[in-house]
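In what follows, a structure is listed as structure tokens, so that the remarks can point back to it.
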Amino acid sequence: MWIAIKPAYCEDCMSRDGWGAPESCRAESSTPDCPSPGVAGAQAMPGGCADGRGVNEKSKNTTRCESTVLSSEHSQTMRARHILPLSHGRLLIGRATSCCEVSAVTGARQIPIGRATSCRQLSAMAGAKQTPPPLCTLLDEERALADAARRFAVTHVAPHVQRMDEEGQMDVGVIRGLFEGGLMGIEVPEEYGGCGASFTSACLVIEELAKIDPAVSVMVDIHNTIITNCLRNWASEEMKAEWLPQLSSNTLGSFCLSEAGSGSDAFALRTVARRDGSDFLLTGEKCWISNSAEAGVFLVMANAAPEVGYKGITCFVVPRGASGLTVGKKENKLGIRASSTCTVMLDEVRVPASAVLGEVGHGYKYAIEILNEGRIGIGAQMVGLAQGALDLTLPYLHTRKQFGKTLMDFQAVAHDVAQLSAELHAARLLVYDAARRKEAGVPLVKEAAMAKLLASVAAEKTASKCIELLGGVGFTKEYGVEKLYRDAKIGSIYEGTSNIQRNTIAKLISAQYK
């Protein structure tokens, strides 16, 4: 069923204009303009319905009024039209939509709403069941992209995993295949050559790839959740037109923030950007930079005004061929060995003012915001890694026999598997929830930190326990779980250590009680 309404105040909260409900009715709202309790992802759009007929305050009929569509599903479900079915779950308010459009598309009866209709009455009139969909519910397009990533990982990544790990080298064919498969521009709008898909879609791709090789997964994660999203969010139209098509089709990106003296304390960076006429000269050294060996473009954080501290930090888009930019040797790492991690040196690299991403002095804001999103991506990577370890282990537990029965028939083994699976599911729910919060535009800092923290713990614990369950063969490279065990350790280190996540979570929880 579909329902269109005009803004009427709620008797429950006595918001007389229908768009100014008090905090008690906005407990879960993403905007301060939502008139209905428990509303997520709402957008108030006064000024007439979308067909341009305007508001008819005197009429009780919604066919010629400012209208919105009430829905029980996320606003991405029918992203192309922004119109959603009211079938189950609590009522959500989408963007303003023409009443005529609703009627034409759905043929639904339109329910007249008076000026004194309460939120509770509205639910009763609509016959809505207060039953939200399962938290892991995916849209068809999201499921399709995840399936494509799974097929690619099994077919094109799995045959190269052991060799790439031993050589510490990403296979060029894998990188090319990821671009050709559309997995490197997941959220990039279609007009720039991307998929135009959701953030959750990106996380699902990261998760699927991590089941086979977390090194490939993190390369895709950084490129999608940090590089392309930085440009989507803050680049000028000219910069988007220049770089987004390349980033979607053939050019890998790298994010240059960390330095020898600025890891967790990221804003203590010492790389500077000195003005020279209309240009900037970048000088400094970045450490532990992922994707740097293969990257064709670098997002470099440098301080353009050291005298004002971190408020001078600015983000620059620097092509690989820029004079003075040098990529150092790869680090010989414990895990995710195929993912390149190098030093990036900048020796008076000259870039024009047009190379500034966004605004001068806003780099620290961009870094904070984008790393919160990146942490969700790392959470997805860790969830995929843990699932991959279980997928490699469970078949063995069902075929290996001792004392006349399979290992899985032993209660202690079964309990281990149950515990690992429960903790993994909890971590996955945290990751998916944080991803949906990002899409809805609601606060996610605490939830992103929780997702990364618990997902990294689950990954490390699962990989370790799976080696124990496999016994001697688990300690060899034959089954691949020992690689996942090595790969898992980075989850508690990069994009904010586990203790940094705990600090963030505790600070935000404490603020609620002060």
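Everything numeric here is computed off the predicted structure, so don't read it as measured data.
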Checklist entry - Where the side chain of Lys330 meets the backbone of Gln169, is there a donor-acceptor pair that is under 3.5 Å apart? => result no
Item to check | Audit row: Lys452, Glu495, salt bridge (Lys or Arg N to Asp or Glu O under 4.0 Å) steps and yes/no | outcome: CA-CA 9 Å; Lys452 181 184 181 295; Glu495 293 205 30; over 6 Å; no
Item to check | Lys333 atom NZ, neighbour heavy-atom count above 12 within 6.0 Å | outcome: yes
Next on the checklist: Could you report the tightest heavy-atom contact between Gly253 and Ala295, atom names first, then the distance?
Outcome noted: C-CB, 4.1 Å
Checklist entry - Got a salt bridge between Glu166 and Lys477, using NZ or NE/NH1/NH2 to carboxylate O under 4.0 Å? => result no
Item to check | Check: Ala322 main-chain N/O paired with Arg350 side-chain donor or acceptor under 3.5 Å | outcome: no
Item to check | Donor-acceptor pair between Thr200 and Glu439 side chains, under 3.5 angstrom | outcome: yes
Checklist entry - Can you find a heavy atom in the side chain of Phe316 that is under 4.5 Å from one in the side chain of Val349? => result no
Checklist outcome for this item: For Val360 and Ala304, the nearest pair of non-hydrogen atoms, with its separation, is CG1-CB, 4.2 Å
Checklist entry - When you check the side-chain N and O atoms of Asn250 and Arg176, is any donor under 3.5 Å from an acceptor? => result no
Item to check | Note, Asp213 side chain near Val174 side chain (heavy atom, < 4.5 Å) | outcome: no
Checklist entry - Looking only at atom types and distance, does a side-chain atom of Ser464 sit under 3.5 Å from a main-chain N or O of Lys461, one as donor and one as acceptor? => result no
Item to check | Minimum heavy-atom distance between Leu484 and Ala389, given as atom pair plus value | outcome: CD1-N, 3.5 Å
Checklist entry - Can you name the residues that form a side chain to side chain contact (heavy atoms under 4.5 Å, CB included) with Ser249, not counting sequence neighbours? => result none
Item to check | Check: Asn372 side chain, Ile368 main-chain N or O, donor-acceptor pair, under 3.5 Å | outcome: yes
Item to check | N-O pairing of Glu167 and Arg163 below 4.0 Å | outcome: yes
Next on the checklist: Does any part of the side chain of Arg486, heavy atoms only, come nearer than 4.5 Å to the side chain of Glu482, both counted from C-beta?
Outcome noted: yes
Item to check | Crowding at OH, Tyr485 (>12 non-hydrogen neighbours, <6.0 Å) | outcome: no
Next on the checklist: Regarding Arg270 and Glu259, does a basic nitrogen lie under 4.0 Å from an acidic carboxylate oxygen?
Outcome noted: no
Next on the checklist: If I compare all heavy atoms of Ala448 with all of Arg375, which pair ends up nearest, and what's the gap?
Outcome noted: O-CB, 4.2 Å
Checklist entry - More than 12 heavy atoms of other residues, nucleotides or ligands under 6.0 Å from CH2 of Trp243: is that the case? => result yes
Checklist entry - Do the side chain of Asn224 and the main chain of Ala202 share a donor and acceptor less than 3.5 angstrom apart? => result no
Next on the checklist: Applying side-chain contact (heavy atoms from CB on, under 4.5 Å) to Leu392 and Tyr479, what does each step give before you reach the verdict?
Outcome noted: CA-CA 7 Å; Leu392 291 172; Tyr479 277 74; 5.7 Å; no
Item to check | Short N-O contact, Lys465 and Glu468, less than 4.0 angstrom | outcome: yes
Item to check | Ion pair check, Arg436 and Glu142, cut-off under 4.0 Å | outcome: yes
Checklist entry - Where do Asn303 and Phe267 land on the side-chain contact (heavy atoms from CB on, under 4.5 Å) test, with the steps shown first? => result CA-CA 9 Å; Asn303 201 321; Phe267 297 150; over 6 Å; no
Checklist entry - Which value, rounded to the nearest 0.5 Å, describes the distance between Ile467 atom CD1 and Thr393 atom OG1? => result 8.5 Å
Next on the checklist: Between Met219 and Ser340, is there a side-chain heavy-atom distance shorter than 4.5 Å?
Outcome noted: no
Checklist entry - Judged by atom type as modelled, is there a donor-acceptor pair below 3.5 Å linking the side chain of Ser248 to the main-chain atoms of Pro245? => result no
Next on the checklist: Under a 3.5 Å threshold, yes or no: a donor from one side chain and an acceptor from the other, between Thr343 and Glu285?
Outcome noted: no
Checklist entry - Do Phe280 and Thr314 come within less than 4.5 Å of each other through their side chains, counting heavy atoms only? => result no
Checklist entry - What is the minimum heavy-atom distance between Ala427 and Ala455, and which atoms define it? => result CB-CA, 3.8 Å
Checklist entry - Hey, is the main chain of Ser290 close enough, under 3.5 Å, to the side chain of Thr341 for a donor-acceptor pair? => result no
Checklist entry - Counting N and O atoms only, with roles assigned by atom type, does the side chain of Arg437 sit under 3.5 Å from a partner on the main chain of Leu444, one being a donor and the other an acceptor? => result no
Checklist entry - If you round to the nearest 0.5 Å, how far is CZ of Arg428 from CG of Asp433? => result 14.5 Å
Item to check | side chain to side chain donor-acceptor pair (under 3.5 Å) partners of Asp487, counting only residues at least two apart | outcome: Lys483
Checklist entry - Is there a side-chain contact (heavy atoms from CB on, under 4.5 Å) between Leu204 and Leu145 once you walk through the steps? => result CA-CA 8 Å; Leu204 293 170; Leu145 202 52; over 6 Å; no
Checklist entry - Parallel, tilted or perpendicular: which fits the ring planes of Tyr310 and Tyr364, with parallel below 30° and perpendicular above 60°? => result perpendicular
Checklist entry - Does Thr283 reach the side chain of Arg274, with side-chain heavy atoms less than 4.5 Å apart? => result no
Checklist entry - When the ring planes of Tyr366 and Trp234 are compared, do they come out parallel, tilted or perpendicular, using 30° and 60° as the limits? => result parallel
Next on the checklist: To the nearest 0.5 Å, what is the distance between CD1 on Ile222 and CD1 on Ile206?
Outcome noted: 9.5 Å
Item to check | Residue from Leu178, Val220, Asn291, Leu247 passing side-chain contact (heavy atoms from CB on, under 4.5 Å) with Leu252 | outcome: Asn291
Next on the checklist: Applying side-chain contact (heavy atoms from CB on, under 4.5 Å) to Ser492 and Val457, what does each step give before you reach the verdict?
Outcome noted: CA-CA 7 Å; Ser492 63; Val457 170; over 6 Å; no
Checklist entry - Side chains of Met164 and Val216: closer than 4.5 Å at any heavy-atom pair? => result yes
Next on the checklist: I want to check something: taking the side chain as every heavy atom from C-beta on, are Ile370 and Asn233 in contact at a cut-off of under 4.5 Å?
Outcome noted: yes
Item to check | Ser510 (side chain) donor-acceptor with Lys507 (main chain) under 3.5 angstrom | outcome: no
Checklist entry - Hey, what do you get for CE (Met382) to OG1 (Thr462), rounding to the nearest 0.5 Å? => result 11.0 Å
Checklist entry - What do the steps show when you test Glu187 against Lys438 for salt bridge (Lys or Arg N to Asp or Glu O under 4.0 Å), and what is the final call? => result CA-CA 13 Å; Glu187 292 183 82; Lys438 188 268 183 183; 3.4 Å; yes
Item to check | Test side-chain contact (heavy atoms from CB on, under 4.5 Å) applied to Ile175 and His223, Met170, Glu180, the passing residue | outcome: Met170
Checklist entry - Measuring from Ser217:OG to Lys211:NZ, what's the distance to the nearest 0.5 Å? => result 11.0 Å
Checklist outcome for this item: SG of Cys466 to CG of Asp391, rounded to nearest 0.5 Å, is 9.0 Å
Checklist outcome for this item: Looking only at heavy atoms, the pair that brings Ser456 and Ser498 closest together is OG-OG, 3.9 Å
Checklist entry - Between the main-chain N or O of Asn332 and the side-chain N or O of Arg337, is there a donor-acceptor pair closer than 3.5 Å? => result no
